[in-house]
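Numbers restart at 1 for each chain; the letters A, B, ... are given by sequence-line order, proteins then strands. Quick caveat, the model's predicted, so the values are computed rather than measured.
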Amino acid sequence: MKRLLKGGRVVDPANGRDGIFDILIDGDRIARVGKNLPADGAQVVEVPAGFVITPGLFDMHVHLREPGQEHKETVATGVASAVAGGFTAVACMPNTSPINDNAGVTEYILQKAAQANLARVYPIGAVSKGSNGEQLADIAELRAAGCVGISDDGRPVKTALLMRRALEYAGMFHMPVLEHCEDPSLKGEGVAHEGYHASTLGLRGIPGIAESIMVQRNIALAEMTGGAVHICHMSAATSMRAVREGKQHGARVTCEVAPHHFTLTDESLATPVSYDTNMKMNPPLRSAADRDEMLKGIVDGTVDAIATDHAPHHYDEKKMEFDLAPFGIVGLETCVSLCFDRLIHPGLIGLPRLVELLSTNPARILNVAAGALTEGAIADITVLAPDMAVTVDAARFRSKSKNTPFGGWQLKGGVAATIVGGRTVYVNDNAGGAEILR
Amino acid sequence: MITQQVVAPISKLRHKDLLGISDLTPEEILLILDTAEAMREIGERPIKKVPALRGKTVVNLFFEASTRTRTSFEIAEKRLSADTLNIAAGTSSVVKGETLVDTAMNLEAMAPDMIVVRHAYSGACHMLSRICKAGIINAGDGMHEHPTQALLDAFTIREHKKRIKGLKVAIIGDLLHSRVLRSNVQLLTKLGADVWVSGPPTLMPPGIERQGVRTTTSVDEAVEGADVVMLLRVQLERMQGSFFPSLREYFSVFGMTRERLRRAKEDVIIMHPGPMNRGVEIDSEVADGPYSVILEQVANGVAVRMAVLYLLAGGAEHETAA
């Protein structure tokens, strides 16, 4: 079956394209990209004016919770959430139960993903067995089973020595080490950003430097070993400065920022509702200066990727005292709208840069053949509706969990449709004219 | 008696709950203090009971051990003729297997009028106030606030100084972990006091100067010319957290001695919310000395809590105020 997407604005920085192009999809592949392509027996889809066609978006940091915490999310509900958020691929962190530190768990996740048959799932394996920070996991085995990177996400790699070994060893498989940067002693019992708001509310603080000091360690080790380190969910201005400097020195460091860290600040701890556990995540919402530095890094190129750190939790778990509620929020279904509303429409960045952040770069960092609308490539395509009015309604999330701080927010910009392997897997009924892509 | 009225008087509280001083206007604070004056008189009668809260049910829900505060609330409730009951829940509802929300909803089902809550975690009372129709009085939540303590402190200060505006108040001790500090800073700055806080830099709450207080690590500077010196409890476990080297060293640098107190005004008053660590934050000579009003604070606690209970659960005014 052939489909010809006609007359949409195509933004594909990997191929240097930004303009009106036709895309011919043949089966699960992109057959041709060009101007005024002939129908040639294909079903012609006139792309509604205003829609933007991009390579499939890739969220390189999600938690799918399966195996072990299926009450929060399953692979099936997670990938349903992903495609509803415009993502054709996700990389899932290994802090499941059991930990994804062996091929058995990796294969289980991939089997669930194949059954769900929506977004592609790229597992991240553990750095250390049980993510205990003591002995390296069987990384070659993880690689062979399908893992594309390693991380002890949720906790930092315990010692500098193990981090050094991980960078050296994983380098031979071209796998980056993805690190949740946090000095446990400086974090202590902290539950919110150390600053005026946490202090006034009587919440124990986590200083920004708890993150940055570990970022600096990891950059130094990346420089020494030549290994590739990827800094997850950056939140502190001092971390951004460290990455910027590390890149200047030629260290193989990349980093990601989550939408909540470029949107919200620690003021949300107090208003509009105080002690809202949907404002509790790790790293925490930081000061306005930190948030502004995240935006600056996105604009100046220091930031490589936007990733959601999608962290579903059951409402029972979030309906607790602030200290006792788990860290984390869902992010897959609000990411694109926040990017449009906070980055594109205010004029901070253009669409090609956004596609880099959400598609091209995540694929490049994880060495996955994706993130480009190249002839012959798999047809993973996202159709965006930049001007669509979106009201965030958590009750309608495909994710099993609804723990979002953005409920009721009105945002401009969203997802019109998501195409995986040439097959339309999601159409947004609220995006005018998107049905034609079904 | 108020000799210096800061703001125009009002006659009712608009709130269902008392979660913190941060929610109160200066007018409301003064209303509570003025009402407490009248309540204190009840405690001086041979029959210490009025029918103001007859038929009202008040639950004292204490998730954290407390003798002084719980007793004080209970006496206050009984003097107002409320039906009162005490629930001493475990320190952790999680250990008990029931969540705070479930505990609250079960209590709520029995339709109490007021719930007085003490909890180890900041914000627990806010959570309950969102669930319960009953009025919630915060009797101390984690490191956040202890509003009735600050109110009774203000009541005591006003009794001695006849005003709060313009007084130099020095608060010294473990500032970081203290809910008493947070409530007092809110209240005293709202009423125009010149508030100084002092303690080791390791126990200084981040950003506290944004609340309009002066910070110093020099006790002498804090005490210099002070009208009120308030000491805060220093807990033994803070040593293990390496906030300071030893209790002995803490006393030598920050302990309130008669010697240090000489820098204060001649009519300085010494306050402590209790329980005291004698020989740590306060020398016994000072605690038991002529300037100490520590036991008056305890006595005034009953009157102030009667005022809060009365204003929140009492008269018809609240019912019409929605």
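In this structure, CD in A/Glu321 is found 11.0 Å from CG in B/Asp141, a value given to the nearest 0.5 Å.
Within 6.0 Å of the CZ atom in B/Arg214, the count of heavy atoms belonging to other residues, nucleotides or ligands does not exceed 12. Heavy atoms from other residues, nucleotides or ligands lying under 6.0 Å from CD of A/Glu70 number more than 12.
Note on B/Arg130, B/Glu145, B/Glu209: by heavy-atom pairs under 4.5 Å with chain A, the leading option is B/Arg130. Contact count versus chain A (heavy atoms, under 4.5 Å) is highest, among B/Gln186, B/Gln211, B/Arg182, B/His144, for B/His144.
Between the side chain of A/Ser199 and the backbone N or O of B/Gly207 there is no donor-acceptor pair closer than 3.5 Å.
Side-chain contact between B/Ser122 and A/Phe322: absent, with no pair of heavy atoms (C-beta onward) separated by less than 4.5 Å.
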Could you go through the side chain to side chain contact (heavy atoms under 4.5 Å, CB included) check for B/Thr99 and A/Met320 one step at a time?
CA-CA 7 Å; B/Thr99 65; A/Met320 297 289 285; 4.0 Å; yes

Side-chain donor-acceptor pairs under 3.5 Å in residues 170-180 of chain B, sequence neighbours left out?
unit_1	atom_1	unit_2	atom_2	d
B/Asp174	OD1	B/Leu176	N	3.3
B/Asp174	OD1	B/His177	N	3.1
B/Asp174	OD1	B/His177	ND1	3.1
B/Asp174	OD2	B/His177	ND1	3.1
B/Asp174	OD2	B/Arg238	NE	3.1
B/His177	ND1	B/Arg238	NE	3.1
B/Ser178	OG	B/Val180	N	3.2
B/Ser178	OG	B/Leu181	N	2.9
B/Arg179	NH1	B/Glu64	OE1	3.3
B/Arg179	NH1	B/Gly142	O	3.1
B/Arg179	NH2	B/Glu64	OE1	2.9

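Contacts between residues 200-219 of chain A and chain B, counted as heavy-atom pairs separated by less than 4.5 Å, involve A/Thr200, A/Leu201, A/Gly202, A/Leu203, A/Arg204.
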